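This structure is a prediction, so every number in the text was calculated from the model and none was measured. Values below: all heavy atoms of this structure, side chains included; hydrogens, waters and symmetry mates excluded.
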Amino acid sequence: MSDQEEHALIARRREKLNALREAGRAFPNDFRRDAIAGELHAEYGDRDNEVLEASPVRVKVAGRLMAKRVMGKASFAQLQDMSGRIQLFLQRDGLEDGVYQAFKGWDIGDIIGAEGVMFKTKTGELSVRVETIRILTKSLRPLPEKFHGLADQETRYRQRYVDLIMNEVSRNTFRMRSRIVQFIREYLNDRDFLEVETPMMQAIPGGAVARPFSTYHNALDMDLFLRIAPELYLKRLVVGGYEKVYEINRNFRNEGLSTRHNPEFTMLEFYQAYVDYRDLMDLTEDLLRTMAEQLTGSTTIECQGASYDFGKPFRRMTVRESILAFNPGLSAADIDDPGKARAVAGQLGIPVKDSYGLGKVQIEIFEKTVEGRLADPTFITAYPTEVSPLARRNDDDPFVTDRFEFFVGGRELANGFSELNDAEDQAERFRQQVAEKDAGDLEAMHYDADYIRALEHGMPPTAGEGIGIDRLVMLFTDSPSIRDVLLFPHLRPES
RNA sequence: GGGCCGUUAGCUCAAUUGGCAGAGCAGUGGACUCUUAAUCCAUUGGUUGAAGGUUCGAUUCCUUCACGGCCCA
């Protein structure tokens, strides 16, 4: 960091700001624009210059000065606003005395307001012939270089405002994120789901197998945990009679960071009574297919050099089937027998604890050998009961649950199941989790007595699902890292 | 937590075997009334991420640390 040089550039701009202060109000807020760049291009982009000159269109535009090309007594400038860019054309003789001279002293990055009439240049670019122009906000810090823009990843994440000024790809990514969330809301609202908000601070962190962040409430003199999932609260609402509910909000998990993990991330969770996990697979398939069509215009999503077809029916297979399919050397006996399965896991280099049952061992083998290779949209079903403490047992095979996870590009995007609404079974599962917690598993669940009490009032047969919004946005925006789809991703403090 | 890679001017990047730290853009001064990364002339700007070591001499080699990236757990 060469503070001296930065100071020289900033100091120069600060002198200009001081001159503005001496000349009057340096930070005026009385300019009202009546046009934005994108709409001007949409409305007048097709018109010939003769048409524009014949019936002059007067506009007021405002935005950030992104380019300045001075050629003696005439200049071009690019103004960037929330919708795009529009070119300004300034002539010394077309402006009040002194204004052109002042303009020449303004810097890239300054916020400008201008008024003039629309026309097209010799090369046919729609522009504003400026008649009045003034500076609305002085920018004190130089922007990155105009051609290469801002490339440094760290700066893009730490100073997202600069990234957004400079990189259209980033601007589009977060617009797409907003459209995805809006699409989901409309999709669920149209189907009579009720959007709700449940506690982010919970006395008993539940609904997932993960380590929570803890905090402390002074007045109540009690520990609280940031939620790892809203699940148990949403199901209380189903007990209460809201038979279709959803929440799109942040979860917090006290785990490591990676290109796929941020300590706080956004989940959609939704619950619907009187349907089962197969209905939710159908819904998920339709939701994603429709979303791809409506937001990208195609049912094929291109991401990181791969192509994913959401148009054709999604593949469905059980955990067990998928292990056998991706491990030709394994027989059914190898993964159905606890001793053999442990040996297989050992050969794969998976650390297997004594406390693991067969289901847990199978899931470890699945995660190691299958998950990352599930490229095409795929539902994996029949997760072992041992690793699914909130899911309903399968009627034919109580070793597994009526549960699925959904994968694309080797990444888990969704997790859903028929809900366990047998209060006595749930209580037993909680007790099992507490035993694992007592045995040292920091991720195991607590016993939530109030949740059991809620189930004892009777929860209708229900299915529920969670969809990771960040990963979904990564897929739809061709982003390699979760940090590219979080406006302000978690980083270590700057040194 | 482990392995590998990176950090040089405001930004994007160079720097031969260890031998005077450079360019473009931005900035500054000047020319220029249709530019598009405008052009032309001149010019300012550096604690090479930090600390230590080896050396006559370190951006370059070694150690530790910080931050980031990729892979693994």
Side-chain angles (χ1 to χ4, degrees), chain A residues 1-16 37 41 49 52-53 64-80 84-95 100-101 103-110 116 118-130 138-159 161-163 165-168 254-261 304 345 348-353 364 367-369 371-372 410 443 479-484 489-495:
Chain A
M1 288 289 152
S2 57
D3 289 345
Q4 269 184 325
E5 171 59 12
E6 189 189 54
H7 279 148
L9 289 169
I10 293 176
R12 177 68 190 157
R13 289 180 175 220
R14 223 177 270 283
E15 285 171 20
K16 294 176 180 177
H41 286 292
N49 191 42
L52 288 169
E53 303 273 9
R64 192 179 294 275
L65 184 65
M66 294 303 289
K68 206 175 99 179
R69 296 184 283 273
V70 178
M71 296 155 301
K73 299 184 183 65
S75 292
F76 290 94
Q78 288 281 343
L79 213 59
Q80 176 169 294
R85 288 188 180 191
I86 186 74
Q87 179 169 262
L88 307 181
F89 181 57
L90 298 85
Q91 291 169 295
R92 189 193 66 175
D93 299 340
L95 297 166
Y100 189 73
Q101 190 60 31
F103 163 79
K104 287 202 281 186
W106 297 345
D107 292 297
I108 304 297
D110 289 350
M118 302 307 300
F119 80 109
K120 277 194 170 172
T121 64
K122 274 188 194 171
T123 57
E125 178 163 350
L126 186 69
S127 307
V128 179
R129 188 188 307 277
V130 174
K138 183 65 196 168
S139 165
L140 294 176
R141 289 178 180 266
L143 288 172
E145 193 226 353
K146 61 190 168 192
F147 186 58
H148 298 93
L150 178 63
D152 184 71
Q153 294 261 48
E154 190 171 347
T155 310
R156 288 186 50 225
Y157 296 148
R158 288 193 195 279
Q159 300 181 45
Y161 37 91
V162 178
D163 179 44
I165 291 169
M166 298 304 298
N167 295 326
E168 190 181 13
N254 207 338
E255 295 163 355
L257 289 74
S258 79
T259 51
R260 291 183 299 281
H261 298 87
Q304 299 298 295
L348 290 166
I350 299 167
V352 183
K353 294 179 186 158
E364 293 285 335
E367 288 177 358
K368 176 95 175 180
T369 63
E371 187 168 316
E443 295 186 338
S479 298
S481 169
I482 196 170
R483 290 178 168 178
D484 296 319
H490 185 76
L491 298 175
R492 286 190 173 84
E494 284 182 82
S495 52

Distance, rounded to the nearest Å, where A:L9 contributes CG and B:rU44 contributes P: 15 Å
Euclidean distance, atom CZ of residue A:R12 to atom P of B:rU43 [Å, nearest integer]: 19 Å
Minimum-distance nucleotide (side-chain atoms of A:T259 versus B:rU12, B:rC34, B:rC71): B:rC71
Complement of B:rU7, any strand, by Watson-Crick or G-U distances under 3.5 angstrom: B:rA66
d(CD, A:E154; C1', B:rG49) in whole Å: 10 Å
Side-chain donor/acceptor of A:Y100 to backbone N/O of A:A74, under 3.5 Å: yes
Mate of B:rU60 where both pairing distances stay under 3.5 Å, Watson-Crick or G-U: none
N or O in side chain of A:K73 less than 4.0 angstrom from B:rC32 OP1/OP2: no
B:rU54 pairs with, by Watson-Crick or G-U criteria that keep both distances under 3.5 Å: none
Sequence-distant partners of A:R483, salt bridge (Lys or Arg N to Asp or Glu O under 4.0 Å), two or more places apart: none
Earlier contact from the 5' end, RNA chain B, for A:K120 and A:A67: A:K120
Which nucleotide in B:rC34, B:rC67, B:rA38 has an atom nearest any side-chain atom of A:R492: B:rC67
Identity of whatever pairs with B:rA14 - Watson-Crick or G-U, under 3.5 angstrom: none
Protein-nucleotide distance (A:L150, atom CG; B:rG68, atom P), rounded to Å: 16 Å
Closest-nucleotide 5' rank along RNA chain B - winner of A:T155 and A:V70: A:T155
Gap in Å between the two P atoms, one belonging to B:rC61 and one to B:rC20, rounded: 16 Å
Identity of whatever pairs with B:rU28 - Watson-Crick or G-U, under 3.5 angstrom: B:rA42
Phosphate OP1/OP2 of B:rA38 contacted by A:R69 side-chain N/O (<4.0 Å): yes
Interatomic distance where NE2 belongs to A:H261 and P belongs to B:rC70 [whole Å]: 14 Å
